[in-house]
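Reckoned from all heavy atoms, side chains included, excluding hydrogens, waters and symmetry mates. Order of the sequence lines sets the chain letters (A, B, ...), proteins ahead of strands, with each chain counted from 1.
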There are 2 protein chains.
Amino acid sequence: MIYSSELIKGTLKTIILKLLKDNKRMYGYEITQRVKELTHDRIQLTEGALYPSLHALEADGILTTETEYIGKRVRKYYSLSAKGKTVTKEKISEFADFMNTMKFLLDIKTDIA
Amino acid sequence: MIYSSELIKGTLKTIILKLLKDNKRMYGYEITQRVKELTHDRIQLTEGALYPSLHALEADGILTTETEYIGKRVRKYYSLSAKGKTVTKEKISEFADFMNTMKFLLDIKTDIA
DNA sequence: AAATATACATTGGTTTCTTATGTATTGTAC
DNA sequence: GTACAATACATAAGAAACCAATGTATATTT
């Protein structure tokens with residue numbers, strides 16, 4: 001199953017921030033692959049969604065970047081700034097709260113303890 | 001706490017369908033009030049979002065309508081069509097699956113069994 | 001040598017929602 | 001009895017976020 005795109009709307013930034021929280025630094029392509037792997041292909045980030053989001057987070061001072069060359073190929077690493085770490089905690093906790101509300105509203109039984 | 005609007009994106013139709021599944025028929029204003037009440041004001045549907053969604057669901061054959069007059073004031077009741085009942089089950093189960101994926105991805109502990 | 005994977009990025013379009021506005025009736029508080 | 005809030009519908013203009021497509025280029029596998 002691949003989720004309908006409307007479902008994923010609004011969660012992309014939270015996913016990016018969580019991955020960066022756990023991994024110190026990651027580059028764009030790596031993020032798409034990690035999400036694909038962790039969700040068993042259920043969530044597939046498109047580049048057209050990912051890169052603008054990364055750029056927006058950087059412009060907001062939430063992410064910092066370092067560019068490196070692997071051979072001749074450029075690679076841009078993203079990391080959480082101090083502000084980013086705070087924002088990440090808030091976003092995840094807001095999402096957790098939202099999920100509990102939705103679970104109650106939709107009367108859903110979950111299968112993960 | 002009122003959730004940031006981006007979080008709610010993509011969930012509106014699922015919420016509408018779930019309420020109609022439980023209540024046979026409801027009118028627009030009633031839906032806004034019920035959601036507000038059930039979520040303790042955390043989710044407040046705006047009319048500008050609700051009515052276009054209801055109209056779209058009706059146009060897709062997912063909802064049927066009956067108009068009644070309460071005194072001189074018009075009230076438009078919405079109900080699930082046969083197709084709508086099927087779609088509702090699919091939507092809720094897709095959302096439940098999505099929540100489990102997100103819970104795993106964000107490493108969230110839930111407080112509802 | 002060709003195909004696939006890696007790695008960045010932008011552009012045009014669509015969907016979905018927000019804010020604002022509009023109309024009208026009914027109930028409540030002063 | 002009149003102003004305000006609540007009830008109840010609706011649309012329109014714009015913003016935000018995402019998707020699909022396209023573009024460029026290098027590296028690896030077959």
Report task. Using distance alone, with no hydrogens and no angle criterion, decide if A/Y3 and A/T39 have a side-chain donor and acceptor under 3.5 Å apart. Result -> no
Which whole-number value in Å describes the distance from [X] [atom1] to [N] [atom2]?
X: A/I8; N: D/dA16; atom1: CD1; atom2: C1'; answer: 17 Å
X: B/Y77; N: D/dC9; atom1: OH; atom2: C1'; answer: 14 Å
X: B/I31; N: D/dC9; atom1: CD1; atom2: C1'; answer: 13 Å
X: B/K76; N: D/dT11; atom1: NZ; atom2: P; answer: 8 Å
X: B/Y3; N: C/dT18; atom1: OH; atom2: P; answer: 15 Å
X: B/E30; N: D/dC9; atom1: CD; atom2: C1'; answer: 14 Å

To the nearest 0.5 Å, how far apart are [atom1] in [X] and [atom2] in [Y]?
X: B/L20; Y: B/I15; atom1: CG; atom2: CD1; answer: 12.0 Å
X: A/I16; Y: A/K91; atom1: CD1; atom2: NZ; answer: 10.0 Å
X: A/S79; Y: A/I62; atom1: OG; atom2: CD1; answer: 14.0 Å

Query raised in the report: Contacts to DNA chain C from residues 45-72 of chain A, heavy-atom cutoff under 4.0 Å, which residues?
Result: A/E47, A/G48, A/Y51, A/H55
**Report entry** Whether A/S81 side chain and A/G61 backbone form a donor-acceptor pair below 3.5 Å
**Finding:** yes
Query raised in the report: Would one find more than 12 heavy atoms of other residues, nucleotides or ligands at under 6.0 Å from atom NZ of B/K85?
Result: no
**Report entry** Residue whose closest nucleotide on DNA chain C lies nearer the 5' end, A/K9 versus A/Y27
**Finding:** A/Y27
Query raised in the report: With a 3.5 Å cut-off and just heavy-atom distances, do the side chain of B/R73 and the base of C/dT26 make a donor-acceptor pair?
Result: no
Report summary line: Judged by nearest nucleotide, the residue sitting upstream toward the 5' end of DNA chain D, A/G10 or B/Q33, is B/Q33
